[in-house]
Amino acid sequence: MPESVMIDAVRYAVLRVKEPLILDGRACNAVVDYNTAQIKMLEDGNIGEGNAAKLLMHEIVHALLFERGMPETAADEELVSELAAGFVNLVRANPQLITFLQK
């Protein structure tokens with residue numbers, strides 16, 4: 001798991017935390033805080049290692065949409081979930097794509 005990710009000009013710290021993550025009154029396995037540029041993931045969350053990538057990508061998509069000036073879209077959980085899963089599946093099925101994009 002990376003310690004941070006660059007999203008446009010903002011470096012978001014990726015933190016594994018033990019304290020409960022509560023958003024809008026419900027417990028979450030991960031949250032993004034745009035004000036502090038932090039993605040917090042529950043260290044002992046009920047997720048498998050394979051799902052950690054999708055969970056991180058989910059929070060990255062929230063932050064990406066927010067940083068791109070789309071806060072309303074960033075709040076759309078269904079859209080964010082589908083994009084995150086799609087991005088992870090795309091990269092896993094096409095590892096050569098990352099090499100190409102880094103040129």
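Note that this is a predicted model, so its numbers are computed, not measured. These values consider heavy atoms only, across backbone and side chains, with no hydrogens, waters or symmetry-generated copies.
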Test side chain to side chain donor-acceptor pair (under 3.5 Å) applied to Thr36 - qualifying residues, sequence neighbours left out: Asp33, Gln38
Side chain to side chain contact (heavy atoms under 4.5 Å, CB included) partners of Asp24, counting only residues at least two apart: none
Test side chain to side chain contact (heavy atoms under 4.5 Å, CB included) applied to Pro2 - qualifying residues, sequence neighbours left out: Val5, Leu56
Inter- and intrachain pairs under ring pair (Phe, Tyr, Trp, His ring centres under 6.0 Å), touching residues 6-37, at least two apart: Tyr34-Phe66
Enclosure of Glu3 CD (heavy-atom neighbours >12, cutoff 6.0 Å): no
Selection residues 93-103 - residue pairs positive for side-chain hydrogen bond (donor to acceptor under 3.5 Å, both in side chains), sequence neighbours left out: none
Same apolar cluster: Val91 and Val61, side chain cutoff 4.5 Å: no
Leu55, Leu23, Leu42 screened by side chain to side chain contact (heavy atoms under 4.5 Å, CB included) with Cys28, the one that passes: Leu23
Matching residue for His62 among Val31, Val32, Asp76, Ile7 - test: side chain to side chain contact (heavy atoms under 4.5 Å, CB included): Val32
Value rounded to 0.5 Å, distance of CG in Leu64 from OG1 in Thr73: 11.0 Å
Atom pair CD1/CE of Ile39 and Met1 - distance to nearest 0.5 Å: 10.0 Å
Identify all side-chain donor-acceptor contacts of residues 79-87 below 3.5 Å with residues at least two apart in sequence or on another chain.
{"from": "Ser81", "atom 1": "OG", "to": "His58", "atom 2": "ND1", "distance (Å)": "3.4"}
{"from": "Ser81", "atom 1": "OG", "to": "Glu77", "atom 2": "O", "distance (Å)": "3.0"}

How close do [X] and [Y] get, counting heavy atoms only, and between which atoms?
X: Arg16; Y: Glu43; result: NH2-O, 3.4 Å
X: Ala53; Y: Val88; result: O-CG2, 3.9 Å
X: Leu21; Y: Ala30; result: CD1-CA, 3.8 Å

Whichever hydrophobic residues join Leu97 through chains of side-chain contacts under 4.5 Å: Leu90, Phe100, Leu101
Side-chain touch Val14/Glu59, heavy atoms, less than 4.5 angstrom: no
Note, Met41 side chain near Val17 side chain (heavy atom, < 4.5 Å): no
Pairwise salt bridge (charged side-chain N to carboxylate O under 4.0 Å, His left out) hits with a residue in residues 4-15, at least two apart: Asp8-Arg68
